[in-house]
Structure formats: C-alpha cells, structure tokens
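Here's the structure, in structure tokens; my notes come after.
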Amino acid sequence: MENVIIIGSGPSGHTAAIYAARANLKPLMFEGLFAAGVAAGGQLTTTTDVENFPGYMAISGPELMVKMREQSEHCGTRIVTDTVEKVDLSKSPFQVFVGDQVYETQSLIIATGATAKRMNLPGEDRLWQKGVSACAVCDGGLPFFRNKVLAVVGGGDSALEEATYLTKFASKVVLIVRRDVLRASKVMQERAKHNSKIEILFNTLPLEILGDKSVIGLKIKNTLTNAESILDVGGLFYAIGHVPNTAFLNGQVEVDEVGYIKTKPGTTQTNVPGVFAAGDVQDKVYRQAITSAGTGCMAALDAERYLSH
Ligand code: FAD
Ligand code: NDP
C-alpha cells in the first residue's frame, strides 16, 4: 500500500514528488511512456530554451526536466516509466491500474498536464519551434520573432491574450479567425480591437506554413470566397485550445465543460477526498512551468495534511 501515488512527470509532478519525498511519504511516480503523445518530463521536453524559470537565465527544456527528475529521485521518489491506464476512486484505498499491475494508495496526485492542440498543417513538423509555436508567453520573446509580422490562429481568450502579448515584440500581429465572430470575452475583444498593432482576419483558415528553416509565410484561404493568398509572416502561433489529459479518469473526478479538473479554490483538492490535482491539468489560465511547480508543491502539502488526519 502506497501513501501517495503521483501520476505525471512535468514540473507539477516532480515538484509534488520532491515535497512528498522530503516529508517521508515515499512517493511512487508514474512518469508516463509517451502518455498523451508527450515524453516523460512533459511539455518542456518539446521546447528549446526556457528563459523564465527562476534560477536559470536560460536552460533547455529537456535539460530542466532531467534535473527535476534527478532531484525527485535524489529525495527518494520511486519512478516507474509507464502510463496509468485507469483508476478506481470509488473507495479508499484507491486503485491505480498500470499494464497488468494494480497499485493501492491512500492518496493520489494527478499531474498529467494538458496538450496544446495543433493543426497538423503542411510545414508544421518541419518548422515546429523554428517559428511555429503554441505558446506566445513561452516563445514570443525569442530573438527571431522580434519586429516581424506574426500570425496567431484562434478567436478565443487565449488567442487574444497571446496576440496582445506578441505586440510587445512584433511589428504587427495578424489574428486568423475561422468564423465571422470572436469567441473571446468582450473585455478581451475590446482590448484587442483598440490595439493598433493587431489586425483581425475573419472567415480565414491557414492552409500551409511556408519556409525551409524558418517561417517566411502562410498560405491562407477566405472561407466565404475560397480565395487563397499568401500572408508574409515570420512566425505562427496556435491558440486553438488545449486538451487536458483527464480521459483516463473516466468521469470519477469532477471536471469542467472542457475537461479540466475542478479544484477547491486556493487548494489542490478535488471533489474526491484524498485525490489532488496539480499543474496544467487543473489550470486553463496560467499554464506555465512555474505555476505548475507551485501547485505541485501545494498538492504534496495537501496530501501530507490529508494523510496525517
Ligand atoms: P506536463 O508538462 O504537461 O506534463 C504532464 C506529464 O504527464 C507528461 O509527461 C505526460 O506524458 C504525463 N502523463 C499524462 N497522462 C499520463 C498518464 N495517464 N500516466 C502517466 N503519465 C501521464 N512554460 C514556461 O514556464 N516557460 C516556457 O518557456 C515554456 N515553454 C513551453 C514551450 C512549449 C512548446 C510548450 C508546449 C509549453 C511550454 N510551457 C512553458 C508551458 C509548460 O511546459 C507547462 O505549463 C508545464 O509543462 C505544465 O506542467 P505539468 O506538470 O502540469 O504537465
Ligand atoms: P477556446 O476553446 O475558448 O477557443 C478556441 C478558439 O480557437 C476558438 O475561437 C475556435 O474557433 C478556434 N479554433 C479551434 N479549433 C480551430 C481550428 N482547427 N482552426 C481554426 N480555429 C480553431 O480556447 P482558449 O484556449 O482560448 O480558452 C480556453 C478557456 O480558457 C476558455 O474558457 C477561456 O475563457 C479561458 N481563458 C481565459 C483567459 C483569461 O481569463 N485571461 C485566458 C485564456 C483562456 P470557434 O470559436 O469557431 O470554435
């Protein structure tokens, strides 16, 4: 019987592991085996330099995650490289199913992250992280985006937030919206419409990303006229939503309409006593390594308190 099992190995999972191990809870972590299409270590393994994680001026995402993993193990976390297929939370101890093994635990920390949706456009794989990104806050400040025209796809709050953020670096930001309306909140819409650096192209779809080693343009289509044209841009950001990795929970933990785990405000408690959620799997607003790590710490402290009662 385990005290605490941690599912997921991004910044939230490892921070939870470090705190739980130092509290003598002997945590067991399932780091995933390309779970949700991401390597163990999570989303940061898919990026180049991280320049906003305190303590490092710049560190490669994969290297940062190797360091976190080493620290988790150094503190006493046992790490299993496998993916949790399902859980049974109907009674305590909870059951965690991995391959043909069943593990029992008194508490559970879910840190399975979220995956940014991509469009799989021609050119996307070739230019991913070389001008194509799904995170403006993470990548927008990189030198090769400066003073260029940049495109953002999407019409929700994320797209407007990212477009507004990118105007700090770009000469202009073109927002590509597939319908004739924005989905974003009115306040975000107003802010974007009053920003002279943002141009909105409604009824438009991107078709292909152009460029060999860096982005030089985007082939787009007007959905009303079917006319195709080339937009000269130096970068493309997807902001078409994320998918939280919660399908394996099979409805046993309360989630919102999109699938993000609901936690009690100010804590990491889910609606199931003894089950805690940390990181992007419960956060659709901030989605940063440092905020994930912060809630990972909270989850370990919440689990420790739960176990001591
Ligand atoms: P994730 O990092 O998503 O990790 C979750 C892990 O859980 C994954 O490894 C997944 O495989 C695993 N998992 C999922 N399901 C299961 C399962 N059933 N069983 C076992 N394991 C499972 N943030 C910054 O602060 N700075 C940046 O510069 C930055 N750059 C980024 C660049 C890119 C390209 C992307 C995509 C994101 C970037 N971010 C950045 C955001 C940051 O990566 C995330 O906010 C952070 O990784 C979230 O951490 P997490 O622990 O919640 O989950
Ligand atoms: P949303 O699902 O709200 O919006 C996604 C946008 O992308 C929509 O405009 C959608 O178009 C468009 N889209 C989806 N798929 C495609 C596609 N294949 N091609 C072109 N366009 C596409 O996601 P967000 O990430 O923007 O927001 C998620 C949640 O997080 C929301 O509840 C939002 O309010 C919240 N949020 C809040 C913030 C804040 O308060 N500051 C900041 C960021 C997010 P269509 O409208 O046609 O479906």
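Note: hydrogens, waters and symmetry copies are ignored here, and every other heavy atom, side chains too, is used. As the structure is a prediction and not an experimental result, all values here were calculated from the model. Order of listing sets the numbers, starting from 1, for every ligand and every atom in it.
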- Query: Would you say ligand 1 has an N or O under 3.5 Å from any N or O of Phe34?
  - Reply: no
- Note on the structure: The answer for which part of Thr83 has a heavy atom under 4.0 Å from ligand 1 is both
- Message: Are any of the N/O atoms on Gly154, whether in the backbone or the side chain, positioned under 3.5 angstrom from an N/O atom of ligand 2?
- Response: no
- Task: Tell me which part of Gln129 gets within contact of ligand 1: side chain, backbone, both or neither, using heavy atoms under 4.0 Å.
- Result: side chain
- Closest non-hydrogen atom pair, Gly10 against Met65: C-CE, 3.6 Å
- Is any N or O atom of Arg287, backbone or side chain, closer than 3.5 Å to an N or O atom of ligand 1? yes
- Item | Gly42, any N or O under 3.5 Å of ligand 1 N or O | yes
- atom 48 (C) of ligand 1: the protein heavy-atom neighbour that sits closest, reported with distance to 0.1 Å: Ser292 OG, 3.1 Å
- Distance under 6.0 Å and angle within 45° of the ring axis: does Lys86 meet both against Phe97? yes
- Task: Might you confirm whether atom OH of Tyr19 has over 12 heavy atoms from other residues, nucleotides or ligands at distances under 6.0 Å?
- Result: no
- What protein heavy atom sits nearest atom 50 (P) of ligand 1, and how far away is it? Ser12 OG, 3.5 Å
- Message: Can you confirm whether more than 12 heavy atoms, excluding those of Lys197, are under 6.0 Å from its NZ atom?
- Response: yes
- Message: Does only the side chain of Arg287 get under 4.0 Å from ligand 2, or the backbone, or both, or neither? Count heavy atoms.
- Response: side chain
- Heavy-atom proximity to atom 17 (C) of ligand 2 ranks first, among Arg179, Glu161, Glu257, Arg178, for Arg178
- Item | For atom 36 (C) of ligand 1, the protein heavy atom that lies nearest, with its residue and separation | Gln43 OE1, 3.6 Å
- Query: Side chain, backbone, both or neither: which part of Leu44 comes within less than 4.0 Å of ligand 1 when only heavy atoms are counted?
  - Reply: both
- Message: Evaluate Ala278 for polar contact with ligand 1, using N/O atom pairs at a separation under 3.5 Å.
- Response: no
- Message: Students should be able to answer this: which protein heavy-atom is nearest to atom 13 (N) of ligand 1, and at what distance?
- Response: Ala35 CB, 3.5 Å
- Message: Distance under 4.0 Å to a non-hydrogen atom of Lys284: what atoms of ligand 2 satisfy this?
- Response: 29 (C), 30 (O), 32 (O), 44 (C)
- Query: Which protein heavy atom lies closest to atom 28 (O) of ligand 1, and at what distance to 0.1 Å?
  - Reply: Cys138 CB, 3.5 Å
- Note on the structure: Any heavy atom of Ala39 under 4.0 Å from ligand 1? The part involved is backbone
- Using a 4.0 Å heavy-atom cut-off, say whether Ala111 meets ligand 1 through its side chain, its backbone, both or neither. backbone
- Task: Measure from atom 33 (C) of ligand 2 to every heavy atom in Val153, Asp157, Val187, Asp180 and give the option owning the shortest one.
- Result: Asp157
- Query: Applying a 4.0 Å heavy-atom criterion (strictly less than), which segment of His242 is in contact with ligand 2: side chain, backbone, both, or neither?
  - Reply: neither
- Query: Is it the side chain, the backbone, both or neither of Ser9 that has a heavy atom closer than 4.0 Å to ligand 1?
  - Reply: both
- Protein heavy atoms: any of them under 4.0 Å from atom 40 (O) of ligand 2? no
- Item | Polar atom proximity, Asn52 to ligand 1 (N or O, under 3.5 Å) | yes
- Task: With heavy atoms of Gly155 as the reference, note each atom of ligand 2 found under 4.0 Å away.
- Result: 6 (C), 7 (O), 8 (C), 9 (O)
- Task: Kindly identify the option in Gly113, Pro11, Ala40, Gly8 whose heavy atom sits closest to atom 53 (O) of ligand 1.
- Result: Gly113
- Report the residue from Asp280, Thr112, Thr115 that forms a side-chain hydrogen bond (donor to acceptor under 3.5 Å, both in side chains) with Asn245. Thr115
- For Lys284, does the NZ atom have more than 12 heavy-atom neighbours from other residues, nucleotides or ligands under 6.0 Å away? yes
- Message: Once you measure the plane-to-plane angle for Trp128 and Tyr238, does it fall in the parallel (<30°), tilted (30-60°) or perpendicular (>60°) bin?
- Response: parallel
- Message: Using heavy atoms and a 4.0 Å limit, tell me yes or no: is Glu85 in contact with ligand 1?
- Response: no
